[in-house]
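Order of the sequence lines sets the chain letters (A, B, ...), proteins ahead of strands, with each chain counted from 1.
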Amino acid sequence: MNKELPKAYEPGLYEDEIYKRWEESGFFNPDNLDLPADAPGYTIVLPPPNITDKLHLGHASMLAIEDLLIRYYRMRGYRALWLPGTDHAAIATQNVVEKKLFKEDGKTRHDLGREKFLEKVWEFLRITQTTILKQTRKMGSSLDWSRTAFTLDEQREKAVRKMFVDMYNEGVIYRGERIVNWCPRCHSTLADDEVEYKETKSKLYWIKYGPFVLATTRPETKLGDTAVAVHPGDKRYKDMVGKEYMIPGVLGEFKVKVIADHHVDPEFGSGAVKVTPAHSFADNEMARRNNIPWKQIINEDGRMMDNCGKYAGLTTVEAREEIVADMEKMGLIDHIEEGYENKLSVCYRCDTPIEPLPSKQWFVSVDKKLPRLGNMSLKEKAIEAAKKGEIKFIPDRFEKRFVNWMGNLHDWCISRQIWFGHRIPVWYNSRNVDDIYVGENPPEGEDWEQDPDSLDTWFSSGMWTFSTLGWPDTFKDGKKSGDLARFHPTQVLETGYEILTLWVSRMIMMSFFAVGEKPFDTVYLHGMVLDKNGKKMSKSKGNGIDPLDVIAKYGTDAVRLSLLIGSTPGNDVRIFEEKIEGDRNFVNKLWNVARFILQTADENTTEIELKNLTLADKWIMAHFNALVDKNATSATKFLSNYNFSIAAELLRTFTYDYLADWYLEAAKFDKSTEKVKVLRYVLENLLILWHPFIPFVTEKIWELMGKEKLLMVEKWPEIKYDPGNNGDDFELIKNIVIAIRNARAENKIEPGRKIDAVIYTGNNKDLIESQSEIIKGLRTGIGKLTIAKDGDEPDDSICISVKGVSNMDIYLVGAIDKDKEKKRLEKEIANLEKLIAGTEKKLANEEFTSKAPPAVVEKEHSNLHARKNDLTKLLIQLKQL
RNA sequence: GGACGCGUAGCUCAGCUGGUUAGAGCACCUCGUUUACACCGAGGGGGUCCUAGGUUCGAAUCCUUGCGCGUCCACCA
């Protein structure tokens, strides 16, 4: 024994030190890789985690997948760049800090003022940002830290302003009125995902409305009505469409136009809807489609405006009561339906009902045709890229989802009434409201005031693939230079399917606009990480797993493996400790395989002499070759096709079932000149194959093997030695051993007891003889082993059958439980007879033999033949018993 | 309401460009401390592949329907 390794792999002892070595090697940065000038690029930009919180297992899964890809392609000789960063997550971050501020000091951001509040935000984000980067390293991520970016750092600020100005000058960005979700209590707009829906029971008022009777939950908005809408196919109102009517109301008569719109459900209510464009999203859309004017009647305090006569100043709820009472007096109420169930939209922070209000906002037009896009719109260009396969989706079903969603996309509202984020680079002249300045830098002069709003966080993260590669400095006159030229378009965008639409769509549109090319070749979508019961992990439910906790307990490699194995592209993955524990056990198994090999073969290898290989050597070499082959079932191929789980399972099967269980065991009895070389060759290459999955343990073993170069930059293996056959000879030995072990277990022969065996080999005498030590050594418990070409059945013995072998007889002598053996044989015979009957029936069916491919029919014939042989043999054995 | 996904061994999941005696890991049962590993080894039991139809010589795999679960989007006056 030359090297004394600890019995169990202890990740905690090595991980930090190994990561440090990787980082200090400089190889995370592709500029330092030793590559030919024309080496292909392979770039992934890390989807920047929000700095609202530390990382969870979902992030860990993302990091595991992306690091796997990057390490794989780095070893394949690509100029691999994985670019790290974080996202300022404007609204989410501001909310977290606001909540904290309120909880700790009872203050709102308005108490602090813009500047002071932003200081607080930065204070907060520096802490989470540091934690995030630390966690990311802990996962073993081979990110190029020298290129680290933040969506709100100086360089990205520059990019965002340039983008805004370019889009504005091109007429893509414009200012317009839009209905927003407004919380009257918080005095703020809410993003769609900040709106919550509450099941409520309310009243449905059926009101007399000129020639109509119609149902509404909000009679007070009648003051803002400008139209009545019906379904285009509704015969009841057919003749009224397009006409104008005077409607009696509590403040006198007013005029509405009747419009036809598909949005109206003719089954609901009376099939006619009053339209209040200023205070309803749906109504607003209908008004836009039909050119109907708006009339705002509710202000930002949630109160009726001055144009509401005697109701001015009332809250909407107060106004509703009074107006209903007045309508009642006027005989305008048809009837009131109680207990009507609907979903009320409320503020996620304070539960206050939301008031949709019109407001001035900045938009990105997705439909404007642009000369720079060949007269296509941003939307059309993105859809085309997906449909033409210029951008590929994995799994491909997401392409449909993407295209479908893009098709329904409306202009993108990019302004947010918050303080944290990229401030909109627009200045208004205080002396002349219509005088607007849009530019990358503030205008000269004192009368200019910058727009108080900030940009939607997706505006800056949508630029992530090129803003991180030096844009706009690396893009002049339509020509890419520097990092942008070398790494853009990137190869893969790997992210969760839940932000396919939010993020991916924006990246594609912005990249085409700014750089004139797609941001990435492939979008790989991963699923969500769920707990054992398939529930989303969340802090409030307490079912979350902290990556750092399980890493401390089981090691990073085990955590990575548990996230990769058993998960398929686009599908959710359930994670629980038992699973991680199992993978920890596997990592330990690999460690011990190495431990054994290093003990028995601690010397540097030279070229393997193929002619000296034993049966076991050839067998393991053949199976190793199958892993790195170019055919469709190799681990290499599955890695290239994003089938990480299948690749890992192939590697695991090889490591466990082939290498550890059989080859290493056989090696203990199978001495040959090449043994040491084969052991080292297989281990070495196996470590390379495993490295992208479990980088730490493989790198550590690699070091223990005496390698000077880092495994991280080792070349991906190809087939180097052809053993000349597929290892079938050793497969036969293996099956003999299994059959003997089986027979022993079936017959309850105590493990300590030696049994004599006789093998009549037929034509295989030399082969079996050469392997007799292995057969005896592999825990078959054989005492005296007799090998002959043929002979008589020994007394007091059973004949055992070997899988797939019919021209050989093996007898175990003595100590046989005949009853048990008889039962076993009968069971097996019954099973075989059933199979044979099935096969015969199939072959008798002329439809089958004439229509099925000849190869399939042929296979059935050979199956039948083999099964019949086996049956004959079993019947003889049974008779002899 | 719209779109999509899932339902295979007790649990977690592969397999699904149609042809295998339907697989893996964990759990379970029996046996075993054999110096790489008890974070172990040997052997074993366990599945009408959700239901009902259809296509086909042949379906876990393709089509239709129903049931159950999940995700995203929209949200209704």
Enquirer: Aromatic ring centroids of A/F644 and A/F693 under 6.0 Å?
Expert: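 No: the rings miss the under 6.0 Å criterion.
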Enquirer: Is it possible for you to check whether A/K222 lies under 6.0 Å from the centre of the six-membered ring of A/Y205, through NZ or CZ, and within 45° of that ring's axis?
Expert: no
Enquirer: Can a side chain N or O of A/N585 be found less than 4.0 Å away from OP1 or OP2 on B/C40?
Expert: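 It does, given that an N or O in the side chain of A/N585 lies less than 4.0 Å from OP1 or OP2 of B/C40.
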Enquirer: Please confirm whether the ring centroid of A/F393 lies under 6.0 Å from the ring centroid of A/Y524.
Expert: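 Centroid separation for A/F393 and A/Y524: 6.0 Å or greater.
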Enquirer: Just by modelled atom types, is the A/A227 backbone N or O under 3.5 Å from a matching donor or acceptor in the A/D225 side chain?
Expert: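 Flag not set: sc A/D225 to bb A/A227 has no pair under 3.5 Å.
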Enquirer: For a quick check of understanding: with a heavy-atom distance under 4.0 Å over all strands, which category does A/A660 fall into, base, sugar-phosphate or nothing?
Expert: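 Base, at least one base atom sits under 4.0 Å.
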Enquirer: Considering every strand and a 4.0 Å limit on heavy-atom distances, what is the contact class for A/F586: base, sugar-phosphate, or nothing?
Expert: nothing
Enquirer: Is the shortest side-chain N to carboxylate O distance from A/R218 to A/E355 below 4.0 Å?
Expert: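 Salt bridge present between A/R218 and A/E355.
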Enquirer: Summarise protein proximity over nucleotides 7-19 of chain B in one line of letters, 5' to 3': B for base, S for sugar-phosphate only, - for none, counting protein heavy atoms closer than 4.0 Å.
Expert: ----SSSS----B
Enquirer: What contact category does A/R652 fall into here, base, sugar-phosphate, or nothing, at under 4.0 angstrom with non-hydrogen atoms?
Expert: sugar-phosphate
Enquirer: Specify the separation, in whole Å, of atom CZ of A/F596 and atom P of B/C37.
Expert: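 Rounded to the whole Å, the gap is 10 Å.
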Enquirer: Rounded to the nearest Å, what distance is computed from the CG atom of residue A/D557 to the P atom of nucleotide B/C39?
Expert: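 A/D557 atom CG is separated from B/C39 atom P by 19 Å.
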Enquirer: Does a side-chain N-to-carboxylate-O contact under 4.0 Å join A/E577 and A/K553?
Expert: yes
Enquirer: For A/Y340, report the nucleic acid contact type (base, sugar-phosphate, nothing); a contact means any heavy atom under 4.0 Å.
Expert: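 The answer is sugar-phosphate, as A/Y340 gets under 4.0 Å only of primed atoms, P, OP1 or OP2.
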Enquirer: If the P atom of B/U17 is compared with that of B/C29, how far apart are they to the nearest Å?
Expert: 38 Å
Enquirer: Does B/C4 have OP1 or OP2 under 4.0 Å away from a side-chain N or O of A/K400?
Expert: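 For A/K400, the contact criterion (side-chain N or O under 4.0 Å from OP1 or OP2 of B/C4) is met.
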Enquirer: Kindly state which residues belonging to residues 282-290 of chain A come within less than 4.0 angstrom of RNA chain B, counting heavy atoms of the residue only, listed by number.
Expert: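 Hits under 4.0 Å, by residue number: none.
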Enquirer: Is there a donor N/O on one and an acceptor N/O on the other, under 3.5 Å, for the side chain of A/R397 and the base of B/C4?
Expert: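 No such pair is found, so the answer is no.
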Enquirer: Closest nucleotide of RNA chain B for A/Y9 versus for A/A594: which of these residues is on the 5' side?
Expert: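 Its nucleotide being nearer the 5' end, the pick is A/A594.
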Enquirer: Give A/E665 one of three labels, base, sugar-phosphate or nothing, depending on what nucleic acid heavy atoms sit under 4.0 Å from its own.
Expert: base
Enquirer: Any ion pair linking A/D531 and A/R574 (charged N to carboxylate O, less than 4.0 Å)?
Expert: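 No salt bridge links A/R574 with A/D531.
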Enquirer: What's A/K7 touching, base or sugar-phosphate or nothing? Going by heavy atoms closer than 4.0 Å.
Expert: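 The residue A/K7 makes sugar-phosphate contact but no base contact.
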Enquirer: Please determine if A/K734 forms a cation-pi arrangement with A/Y658, meaning its NZ or CZ atom is less than 6.0 Å from the six-membered ring centre and no more than 45° off the ring axis.
Expert: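 So A/K734 does make the cation-pi contact.
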Enquirer: When we call it a touch if two heavy atoms are under 4.0 Å apart, what does A/Y656 touch: a base, just sugar-phosphate, or nothing?
Expert: sugar-phosphate
Enquirer: How many Å lie between CG on A/N863 and C1' on B/U21, as a whole number?
Expert: 10 Å
Enquirer: Over how many whole Å does the gap from A/L871 atom CG to B/U21 atom C1' extend?
Expert: 15 Å
Enquirer: Could you work out the separation of B/C4 and B/A9 based on their C1' atoms and round it to a whole Å?
Expert: 28 Å
Enquirer: Please report whether the ring centroid of A/F586 lies less than 6.0 Å from that of A/W690.
Expert: yes
Enquirer: Say we look at B/C67 and B/A24: how far apart would their C1' atoms be, to the nearest angstrom?
Expert: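 So the two C1' atoms sit 29 Å from each other.
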Enquirer: To the nearest Å, how far apart are A/N408 CG and B/C75 C1'?
Expert: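 After rounding, the reported distance stands at 14 Å.
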Enquirer: Using a cut-off of 4.0 Å on non-hydrogen atoms, how would the nucleic acid contact of A/D265 be classed: base, sugar-phosphate, or nothing?
Expert: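 Base contact.
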Enquirer: Under a 4.0 Å N-O cut-off, is there an ion pair linking A/E750 with A/R744?
Expert: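 Looking at A/E750 and A/R744, the cut-off is not met.
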Enquirer: Which whole-number value in Å describes the distance from A/D531 CG to B/U71 P?
Expert: 12 Å
Enquirer: Over all strands shown, is A/D583 touching base, sugar-phosphate only, or nothing at heavy-atom distances under 4.0 angstrom?
Expert: nothing
Enquirer: Please work out if A/K222 contacts a base, only the sugar-phosphate, or nothing of the nucleic acid, heavy-atom cut-off 4.0 Å.
Expert: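 No contact.
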Enquirer: How many whole angstroms separate atom CD1 of A/I755 from atom P of B/A42?
Expert: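 For the pair A/I755 CD1 and B/A42 P, the rounded distance is 20 Å.
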Enquirer: Over how many whole Å does the gap from A/L598 atom CG to B/A36 atom C1' extend?
Expert: 10 Å
Enquirer: Counting only Watson-Crick or G-U wobble pairs whose two distances fall under 3.5 Å, which nucleotide matches B/G19?
Expert: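 When the pairing criteria are applied, B/C57 turns out to be the nucleotide that pairs with B/G19.
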